[in-house]
Amino acid sequence: MSASSSASINPAGVTSTPSHPSRGSGRGIPELGQTEKQYSTVMKKQAQRHIDDYLRTDIKGVLELSRPVNKDKAHASERTINTVVQKTKIFFEEFDNAVKLQQLSPPEGSARSVKDDLVKERDSYKPLTLFISKVANAIQKSGETPSRLLIPHKRTDTAMVNGETNSRVDIALKCIDVSSQVAMGEDFFDSSASTKKEREDKNKAYYEDIFAIIEVKRYATASDQASAFEQLVRYTREVYDKQHNRRFAWGLTICGFELCIGLFGSNYILASEKFDLQTDAGKQQLIRLLVYWSFCEDHRLGYDPTIRRLEYPGCWEIDVPSLNAPEADPVQKFKVETFYSNTVIVSADRQFGRLTRCFLASRQKPESNTQVGAMKHDVIIKDAWPESEKDANDDKRDEVAHLKTIHTHMPKDVKTDGTYPTLEAGGRVCFSRDPHSSESEDPDFVEDNTSLLLGDILVDVNKSESSSAEAPESRKKEIAYRVHKRIATSPIGEPLRRLDSILELIIIVADVMRAHHDILENCKILHRDISNNNVMFSRTEEGGVKGLLIDFDHAIGVEPGSRKCHQQRSGTLPFMSVNNLENNGNKRTSLDDWESLIYLLCWIGTFGLRNEHAPDQQTQESLHIGRWTSGTLETIARSKRTDLDSESNFANITSQFYDKSGNIRFLTSLVKSLRRILIEREEKDCRGANIIEKGVDVVSFSSVGMNFENTDDLFKKARTVSQNPTVERIDPFKNRADNDAAISEKMLVELEKHAKLAKDSLRNGCEDFPISILSLLLTRFGSM
């Protein structure tokens, strides 16, 4: 069973992270060539889109989601609320003075001054923080037994040490031990340090320490409310990035004199009804929230009780569901294996989606700081929140199930050994809802999923969305059902940026696509996400390289007796296939993954293995390949169809490969050969990449060339014509799917020929295999 975990004083468990993950590990492609200011602008626009997509307002019951599960704790919290209200009533006047600085809206006929608004906001910070501190002090002296206290950070309107340069947090809340002294004076700086610099260093604000953030706006206008939540979205993303055991996050807005409670999950933002802080009832609701947070279980705060920070010896302790847990035993079926990690290689720095985190870990528990530093990792742990079916038996995209199938059905072969993951442990994450219960009581183990987090709110919100009178395109995205999953696998791969040359890249992608091919043939599982993060490698004892295909999170079983699976969007920009970008009705096959491989190789050819040739944002967008990441998914699909359609169009991509990169001609030859096999088919209606409208005059995409205006006109015309049922639309991507096995086989043969040449080149110590010999050999081998 899991190591017991009582409610912690700082559930984040972080004063400093065991290792700081690379800021580019999760942000990846969008960061290429960006300045900090450009990146901040991108994040702001992204947050605004998230508000449009995910924010739901006036949701009743949000506050109740923080109420303790344990009955004794719940009763104690209610008694404490009454006590605190009585003790803090004498401070209500001070609080009212702060609120009076705020207003519902600007005075009629007056022009708003950003500077004046900011001054008024800042004037309200101190009274607000003093009030919260006094509530914590009253809780501490209530005679009850809270699990923690919530106090404001000593600094307000502060730039977080490790956050975006241009962002400032108004008020940050953090957890402290119930025995800690709660500062009641007006000096919020700790005076225990001897110098001003030491005091400031000691009181710097870190996202690792923050539980929740309060964003204050002077007015309660709709625009100010939206702006406050937009800022909370940006700050919450930083919290996810820095706190590796965070499942969801809380936040507060005080706009005018209206309090709103925000709950931030992986695909929702729920804003409570508004509470009027001018009234005693409104202030009591704020007190109720602070008391609930002080008494509730860690998982109600948004922390993960199955990932624990051990302050000594200084590492993470992580529970992973055991593969040997007996399903029939009501308790033992929740059996876990415990691992220890000092290295986080992927952080959840995107607030919406799967919230994927990856840890390098060991089964051996370190007993000292020295042992932590010398820890030998034997597994990689992936923690994520994918969309799933409620019943695990109906979950067709379960990575654990896929890896079990692969282990059972893949034949032992020296060629593919070590080129795909071996499952060590994994499953759906479960924990006790009530860790305060005694051992004699029912431990009440539950699965961690969206229903556990939101309860009846999930049903009510989705029901109201489906019955909304608004047009479908204007509705919020439905709150998808997600399940918390965690797996431990081996071997541990290295990222592509650690390869030494393009020749090694070609060798390892051949291994990866051989594994991809054999898994599809033997296990009927299609990977569906060939990308820079999922193609990895390991080094052999002889110093060579071997490819490793990871992350079967998007994988799906193909139809019985077929190599095809139903259409469903998957993949990673800028490597998504045309079918996935368009989310069309074409069957998905292995050809979609081969197409993604072409895009991946082209991206590396342009920007290098380590993005060392990445230009600034403006220059990147001017490159032909820049069209693979800019615009809508539809426009990206248009660009890719055009680029693949002919050899001359494709040359617009390959001609911009970084010409000083070693062996780049070798890579150019490979991608051209793969494109030719995929696109230039002789079968009926399979040649090319663009849709052909039979029965009408259609201008060739090749003829419009780089004139985007003409291209848009052409697509506009195509859409108009396609509405005519008498016109036959020929999509080569759709027709090629019927011959995917033969095409994939030829592409694999071609790739392995290049890999053999690359190995021979490295073995002979040749830095750049002569292109004349390469061309001669490829001609002899043939490419079709």
Side-chain angles (χ1 to χ4, degrees), residues 28-30 32-33 496 502 505-506 509 530-532 535 571-582 591-609 611-631 633-680 687-690 700-708 710-711 732-733 747 750-751 754 771 774-775 778 783:
I29 301 304
L32 287 178
L496 296 180
I502 290 295
L505 171 69
I506 294 172
V509 294
I530 300 298
S531 68
N532 59 328
V535 175
T572 303
L573 279 177
F575 316 119
M576 289 174 69
S577 69
V578 166
N579 285 333
N580 282 312
L581 286 166
E582 295 177 344
L591 297 185
D592 289 279
D593 286 352
W594 278 100
E595 184 186 339
S596 292
L597 178 68
I598 293 174
Y599 300 143
L600 172 61
L601 296 177
C602 287
W603 194 269
I604 293 173
T606 305
F607 299 116
L609 286 165
N611 294 331
E612 63 267 37
H613 313 308
D616 58 47
Q617 185 73 8
Q618 185 175 358
T619 305
Q620 178 186 320
E621 291 175 354
S622 69
L623 292 174
H624 203 89
I625 203 171
R627 301 191 303 161
W628 294 0
T629 58
S630 61
L633 297 183
E634 183 184 29
T635 58
I636 294 174
R638 295 175 190 174
S639 298
K640 287 186 172 181
R641 280 186 182 272
T642 303
D643 293 337
L644 290 178
D645 190 56
S646 68
E647 186 174 345
S648 59
N649 284 2
F650 193 62
N652 291 324
I653 299 293
T654 57
S655 65
Q656 293 180 334
F657 281 5
Y658 188 70
D659 59 2
K660 293 182 180 178
S661 177
N663 314 113
I664 202 63
R665 290 179 296 174
F666 205 107
L667 183 64
T668 302
S669 170
L670 173 59
V671 296
K672 284 184 175 181
S673 297
L674 293 178
R675 189 212 68 84
R676 188 165 59 251
I677 297 172
L678 175 64
I679 300 298
E680 297 182 10
R687 191 180 187 87
N690 288 316
S700 167
F701 280 135
S702 302
S703 65
V704 295
M706 292 292 291
N707 191 326
F708 300 132
N710 287 348
T711 305
F733 283 99
M747 295 181 80
E750 185 72 12
L751 177 55
H754 277 78
I771 197 66
L774 173 63
S775 301
L778 291 180
S783 60

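Residue indices begin at 1 and follow the sequence shown. Values reported hereafter were calculated over all heavy atoms of this structure, with side chains retained and with hydrogens, waters and symmetry mates removed.
- Atom CD1 of Ile677 sits about 6.0 Å away from atom CE of Met747, to the nearest 0.5 Å.
- With a 4.5 Å cut-off on side-chain heavy atoms, Leu751 and Trp594 count as touching.
- Checked by atom type and distance alone, the side chain of Ser596 pairs as donor or acceptor with a backbone atom of Phe575 at under 3.5 Å.
- Using a 4.5 Å heavy-atom threshold, the side chains of Glu582 and Glu634 count as separate.
- Thr629 and Pro574 get closest at one heavy-atom pair: CG2-CB, 3.4 Å.
- For the pair Phe607/Leu623, a side-chain contact is recorded, criterion being any heavy-atom separation below 4.5 Å from C-beta on.
- You'll find the side chain of Asn663 stays beyond 4.5 Å of the side chain of Leu505, heavy atoms only.
- Using modelled atom types, one side-chain atom of Lys640 and one backbone atom of Met576 make a donor-acceptor pair closer than 3.5 Å.
- Between Glu595 and Asn579, every side-chain heavy-atom pair lies at or beyond the 4.5 Å cut-off.
- Between Thr654 atom OG1 and Glu647 atom CD the span is 8.5 Å, to the nearest 0.5 Å.
- Within the 4.5 Å cutoff, the side chain of Leu644 has heavy atoms near those of the Phe733 side chain.
- Rounding to the nearest 0.5 angstrom, the gap separating the CG atom in Leu601 from the CD1 atom in Ile530 is 10.5 Å.
- Here the closest non-hydrogen pair linking Phe666 and Ile506 is CD2-CD1, 3.1 Å.
- Considering only heavy atoms from C-beta on, Asn580 stays 4.5 Å or farther from Leu633 through its side chain.
- Contact detail for Asn649 and Asp645: the closest heavy-atom pair is ND2-CB, 4.3 Å.
- By the 4.5 Å heavy-atom criterion applied to side chains, Trp603 and Asn532 are not counted as neighbours.
- Annotation for Ala689 and Arg641: closest pair O-NH1, 2.6 Å, computed over non-hydrogen atoms.
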Handout entry: Full working for side chain to side chain contact (heavy atoms under 4.5 Å, CB included) between Asp643 and Trp628
Key = CA-CA 10 Å; Asp643 293 337; Trp628 294 0; 2.9 Å; yes
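- In this structure, the side chain of Ser669 does not engage the main chain of Arg665 through any donor-acceptor pair within 3.5 Å.
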Handout entry: Ile598 and Phe650: CA distance, side-chain angles, deciding distance, side chain to side chain contact (heavy atoms under 4.5 Å, CB included) verdict
Key = CA-CA 11 Å; Ile598 293 174; Phe650 193 62; 4.1 Å; yes
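- When all heavy atoms of Gly605 and Leu667 are compared, the closest pair comes out as CA-CD2, 3.6 Å.
- Rounded to the nearest 0.5 Å, atoms CZ (Arg687) and OG (Ser646) are 10.5 Å apart.
- For the atom pair NE2 (His624) and CD1 (Ile653), the distance works out to 4.5 Å, reported to the nearest 0.5 Å.
- Residues Gly631 and Ile636 share a closest heavy-atom pair of O-CD1, 4.1 Å.
- The distance from the OG atom of Ser577 to the CG atom of Leu597 is 12.5 Å, given to the nearest 0.5 Å.
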